[in-house]
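Written below as structure tokens is the structure these notes are about.
Model, not experiment: these values are computed from the prediction.
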Amino acid sequence: MKTVKRVRLKQVCDGRIRFAVDRVSRPGEVYDAVMPYYKGADREILSVLCLDAQNQPNSFNVASIGALNTTRTRPAEILKAAILSNALGLILIHNHPSGELDPSPEDLEFTRAVQRACELVGIDLYDHVIVTDDGFTSLRERGLL
């Protein structure tokens, strides 16, 4: 007879990020909130900002830390944080240490894959924000999402 692990899921808080606003309504608010975490990073970091039904942030999760010019993970890793925090929607965030604000073809392909996964489980992908030490770009505002 085969045995399988019995598991339980638990969300663990391992720190806090201060937001100047109670509700996220613009990509600039996301940028201002996450820059203390991303400032000066020497490699790409992909994170997920989970939002409740009132667009209030309820969790921030680092999904992947990569190399100088790439970081990737499975859409499942993105959704795991959102599901565990009972998010209605999420915002992807990643940095470009090079300072380049334009999304790469790989950024766009990954965003579409996450968007398809989100649709399947009923969680909205509100935006994908690319940040640098000097600014940000929103894929939603560029019409790419």
Measure across [X] and [Y] and return the closest heavy-atom pair with its distance rounded to 0.1 Å.
| X | Y | answer |
| --- | --- | --- |
| Pro57 | Asp22 | CD-O, 3.5 Å |
| Pro27 | Asp127 | CG-OD2, 3.7 Å |
| Phe110 | Leu92 | CE2-CD1, 4.3 Å |
| Gly89 | Tyr126 | CA-CE1, 3.4 Å |
| Pro97 | Asp42 | CG-C, 4.1 Å |
| Ile123 | Ala82 | CD1-CB, 3.8 Å |

Rounded to the nearest 0.5 Å, how far does [atom2] of [Y] lie from [atom1] of [X]?
| X | Y | atom1 | atom2 | answer |
| --- | --- | --- | --- | --- |
| Glu44 | Ser104 | CD | OG | 7.5 Å |
| Gln115 | Leu108 | CD | CG | 11.5 Å |
| Ser47 | Phe60 | OG | CZ | 3.5 Å |
| Glu100 | Asn95 | CD | CG | 13.0 Å |

Using a 4.5 Å cut-off on heavy atoms from C-beta on, say whether the side chain of [Y] contacts that of [X].
| X | Y | result |
| --- | --- | --- |
| Ile93 | Leu46 | no |
| Leu145 | Thr111 | yes |
| Arg23 | Glu29 | no |
| Val24 | Ile91 | yes |
| Ile45 | His94 | no |
| Phe136 | Val30 | no |
| Leu90 | Leu49 | no |
| Asp124 | Cys118 | no |

- request: Show your reasoning for whether side-chain contact (heavy atoms from CB on, under 4.5 Å) applies to Ser64 and Val62.
  value: CA-CA 6 Å; Ser64 175; Val62 175; over 6 Å; no

- request: Look only at the side chain of Tyr38 and the backbone of Tyr31, and say whether a donor-acceptor pair between them is shorter than 3.5 Å.
  value: no

task: Output yes when a side-chain donor or acceptor of Asn58 lies under 3.5 Å from a complementary backbone atom of Ser85, and no otherwise.
output: yes

Should [X] and [Y] be regarded as members of a common hydrophobic cluster, given that ILVMFWY residues are connected when their side-chain heavy atoms come within less than 4.5 Å of each other, either directly or indirectly?
| X | Y | answer |
| --- | --- | --- |
| Ile65 | Val34 | yes |
| Leu125 | Leu88 | no |
| Val129 | Leu51 | yes |

- prompt: Taking atom types as modelled, is there a side-chain donor on His96 or Asp102 under 3.5 Å from an acceptor on the other?
  reply: no

message: Less than 4.0 angstrom from a charged side-chain N to a carboxylate O is my criterion; do Glu77 and Arg74 meet it?
response: yes

message: Can you confirm whether more than 12 heavy atoms, excluding those of Gln56, are under 6.0 Å from its CD atom?
response: yes

